S.K.: 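Here you go, one structure.
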Amino acid sequence: MNILDDLNPEQKKAVMHDKGPLLILAGAGSGKTRVLTYRAAYLIEHRNVNPWNILAVTFTNKAAREMKERIDRLVGYGSENIWVSTFHSTCVRILRRFIDRIGYERSFSIYDDDDSRALMRDVCKYLDIDTKRIPEKSILNAISRAKDELIGPEEFEKNTGRDYMLKKQAEAYYEYQKRLKASNALDFDDLIFKTVELFMTDESALAYYQNRFQYIMVDEYQDTNTAQFRLIQLLASGVNEYGEREYNLCVVGDDDQSIYKFRGANIQNILSFERAFPNTKVIKLEQNYRSTKSILSAANEVIANNIGRKPKTLWTANEQGEPVTYTLFDTDMDEAESVTGEIKRMVDNNQARYNDFAILYRTNAQSRMFEEKLIRKNIPYKIIGSVNFYARKEIKDLLAYMKTIDNGLDNIAVKRIINVPRRGIGAATIEKVDAYAINNGMSFYDALVRCEQIPGLERSCAKIMSFVSIIEGLRSRLYQENYNLTELIDDILDATGYLKELEEEGSDEARERIANIDELVNKLVTYADEAEEAPTLSGFLEEVALVSDIDSFDESEDYLVLMTLHSAKGLEFPYVYICGMEEGIFPSYMAMYSDNPQDEIEEERRLCYVGITRARKRLSLTAARQRMMRGDISFNKPSRFIKEIPEHLLKINMPDRKTMTSFAPDDYQPSRMNYKPFAFSEPKQFAGNNLGELEYGVGDTVRHFRFGLGKVTAITMGGRDYEVTVDFEEYGTKKLMASFAKLTKAE
DNA sequence: ACGCCGACCGTCCGA
DNA sequence: CGGTCGGCGT
């Protein structure tokens, strides 16, 4: 076999690169996954590298799974020993083995956002922090950013100065971290942070992994944060048998696709990689294999508006293809109706299947209108990232039972379910137990066990004891022979009366909850069947904690998929719709009016670039003049990103309905009153600017009073008016302002 | 202790 | 608009 045959020269160089740091700047669609997988295969087959010594890190489980499958197909056997997983899973695996060295128990819980918020609520109450003035969310956010930067509570406090707000946040950070520890729990950011901490404090643990991971590959490197960079740097800094540092680290990224600054991604990681790792070999992959020339040119034109990027130009040998289309609708409802209708028509005519399409948007809220239309049209669809399955109440309740059984120290889990279903244990009781637990340095659960010693609890104690005995009963069964996890969940549902309560309620909502519970049981069975090691409760909880919605996306199933532009990163589709191309939506209002609009608009633009480059054959952009947002009607201008695509690449569609009016004028500024960014009660800003509808579109023949007959070749918006390009039979091509030219449609 | 209702709020993106 | 929280009545 020669796997090198289907690679271009640059790709080949990357695959065959021997030792030392390698930075691959891989443009969108340039075959970076191919390079990574081939490289892994090449190392194994041609350099005699033991698969055991290779680590590949991705951002999503889906990407990890796919990479594994592709390597599997390339190398016969042994590939199962390659460690391919996400940053978070990698860290969990490491911590499960060594976290006791930094004072946690190896059975630690993983807190999701909800759990973290519940904990922070407790913390704020305890510290008397007025969450009206300092919302929990903002504190959690500050902590999260700090952890991204490897800043612990001590260092955070040092940097607070005299700022009251920051001082309070520092206090909360301390207490939050203290309580996580007491609950033997880690939040998402801790997974990375604590792994770095482990490696910094325990040389033998670090040496173990440095020795194991002699070749490291990182995908989507542009989205790593400082903590992740440090983690990779530590792992890659092992020495070989001659005592030399080789830095066999291969990272793949594209600075133009960096779209996660808001969650701490540090673009410097890619921009200064060469400085961090001396003698870095840099390889650029600039040939795009995915998109048509039209689509790629549009992408290049848009991203060219960003300054401070690594210079590169993607090119493709693919055909020119159809022009990118842009359609401005009256309302978001028209937009959804038309897009879904167009897709259905193509599928009905057997021109495409549903899974050839993707509808992309900036915010999850935009999915609503589409969903309504899809249901009405009976189109099979999947919305990625709307309500996370594991965030549903009944699922979280059951998981909290499992966590309580698995890790009795997990105070948040215990508090969540102590009165679910209702056992007559109220807030007052919980408060007393909690205070007792804190004063006596014990866990909430241990305090429950000793509730007889807690003053003022005489009446509730019986109720508490019955809860404790349920948990103890379930826990003891876990250690029986032949007891499996499916039985456990059945026993939980049974012993707690959870299922019974739902069955008795009999409402539609209750039925749906039961269906969700069944789904959870299914997932548990799947987990037990597919687990690589012996299935355990912690193993299942861990898997659940680390899945994201995109992981469940299966492109081989024939449904239409809708998702945010962020979720679409790394995917491709023949036909892509990017909807809601409006100022205030995309780019978002937050970016436009932030402290640093320049930077944030550039990030939005990169997001736009990511979106455009998802399309293989056809890209359709849409916008709406008016749109329902949070119950109000808002009016937005078309997105600046539309204007950044040169007109010769853009085909402006007129919606079917004859209601075209002008674009909003350029000086049309969103209102900032009332924190309602772009909502107006009346569209009065349009008054005096009514240019009348355009009765013609691109391709139509029109008549001008002086130039005679001509064919419309393009319509763009310039400022306050349409700019119409007409190819006249006698006078050649002219650009005209629609409101002045008085063009009429000729038959 | 608990359920209901109305006020209020926060507005994006996500592992 | 939709979720959450606090107040109030039972």
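Convention: sequence-line order gives letters A, B, ...; per-chain numbering from 1. Reckoned from all heavy atoms, side chains included, excluding hydrogens, waters and symmetry mates. This structure is a prediction, so every number in the text was calculated from the model and none was measured.
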S.K.: Using side chain to side chain contact (heavy atoms under 4.5 Å, CB included) as the criterion, list what pairs up with A:A428, not counting sequence neighbours.
M.R.: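 Expected list: none.
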S.K.: With sequence neighbours left out, write down each residue that passes side chain to side chain contact (heavy atoms under 4.5 Å, CB included) with A:A227, or none if nothing qualifies.
M.R.: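 If we apply the side chain to side chain contact (heavy atoms under 4.5 Å, CB included) test to A:A227, skipping adjacent residues, the hits are A:L150, A:I192, A:N225.
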S.K.: Would you mind checking if A:K403 and A:D115 are paired as a salt bridge, meaning a charged N to carboxylate O distance below 4.0 Å?
M.R.: yes
S.K.: Each nucleotide in nucleotides 1-10 of chain C should get exactly one letter: B, S or -. Can you fill that in based on protein heavy atoms under 4.0 Å?
M.R.: BS--S-----
S.K.: Got a sec, which residues hit side chain to side chain contact (heavy atoms under 4.5 Å, CB included) with A:K68, two or more places apart in sequence or on another chain?
M.R.: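 Partners of A:K68 under the side chain to side chain contact (heavy atoms under 4.5 Å, CB included) test: A:V84, A:E532.
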S.K.: Protein-nucleotides 13-15 of chain B N/O pairs closer than 3.5 Å?
M.R.:
from, atom 1, to, atom 2, distance (Å)
B:dC13, OP1, A:N364, N, 2.4
B:dC13, O4', A:R362, NH1, 3.0
B:dC13, O2, A:R362, NH2, 3.3
B:dG14, OP1, A:T564, OG1, 2.8
B:dG14, OP1, A:S567, OG, 3.3
B:dG14, OP2, A:N364, ND2, 3.2
B:dA15, N6, A:D113, OD2, 3.3

S.K.: Which residues in residues 220-232 of chain A have at least one heavy atom lying under 4.0 Å from any atom of DNA chain B?
M.R.: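 Here the set is empty: none.
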S.K.: Determine whether the side chains of A:Y609 and A:N306 contain a donor N or O and an acceptor N or O closer than 3.5 Å.
M.R.: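 The answer is no; no qualifying pair exists.
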S.K.: What residues, two or more places apart in sequence or in another chain, satisfy disulfide (SG to SG under 2.5 Å) together with A:C124?
M.R.: none
S.K.: Starting at the 5' end of DNA chain B, what dot-bracket string do you get if Watson-Crick and G-U pairs under 3.5 Å are bracketed, crossing pairs use [ ], other-strand pairs use | and unpaired bases use dots?
M.R.: ||||||||||.....
S.K.: How many Å lie between CD1 on A:I430 and C1' on B:dC2, as a whole number?
M.R.: 13 Å
S.K.: Establish, from distance only, whether the side-chain atoms of A:Q222 and A:E220 form a donor-acceptor pair under 3.5 Å.
M.R.: yes
S.K.: Who pairs with A:F586 by ring pair (Phe, Tyr, Trp, His ring centres under 6.0 Å), at least two apart in sequence or on another chain?
M.R.: A:F641
S.K.: List for me each residue that meets salt bridge (Lys or Arg N to Asp or Glu O under 4.0 Å) alongside A:K463, sequence neighbours excluded, and say none if there are none.
M.R.: none
S.K.: Any side chain to side chain donor-acceptor pair (under 3.5 Å) involving residues 117-127 of chain A? Give me the pairs, sequence neighbours left out, ordered by first then second residue.
M.R.: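 Pairs touching residues 117-127 of chain A that pass the test: A:D122-A:K415.
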S.K.: How long is the line joining OH of A:Y589 and P of B:dG10, in whole Å?
M.R.: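 A:Y589 atom OH is separated from B:dG10 atom P by 14 Å.
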S.K.: What integer number of Å spans the C1' atoms of C:dT4 and B:dC13?
M.R.: 22 Å
S.K.: For A:E519, I'd like to know if atom CD has over 12 heavy atoms of other residues, nucleotides or ligands within 6.0 Å.
M.R.: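 Yes, enclosed.
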S.K.: Within a 6.0 Å radius of atom CD on A:E555, are there more than 12 heavy atoms belonging to other residues, nucleotides or ligands?
M.R.: yes
S.K.: With sequence neighbours excluded, what pairs up with A:R65 under the side chain to side chain contact (heavy atoms under 4.5 Å, CB included) test?
M.R.: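 Side chain to side chain contact (heavy atoms under 4.5 Å, CB included) check on A:R65 returns A:K62, A:E69, A:D551.
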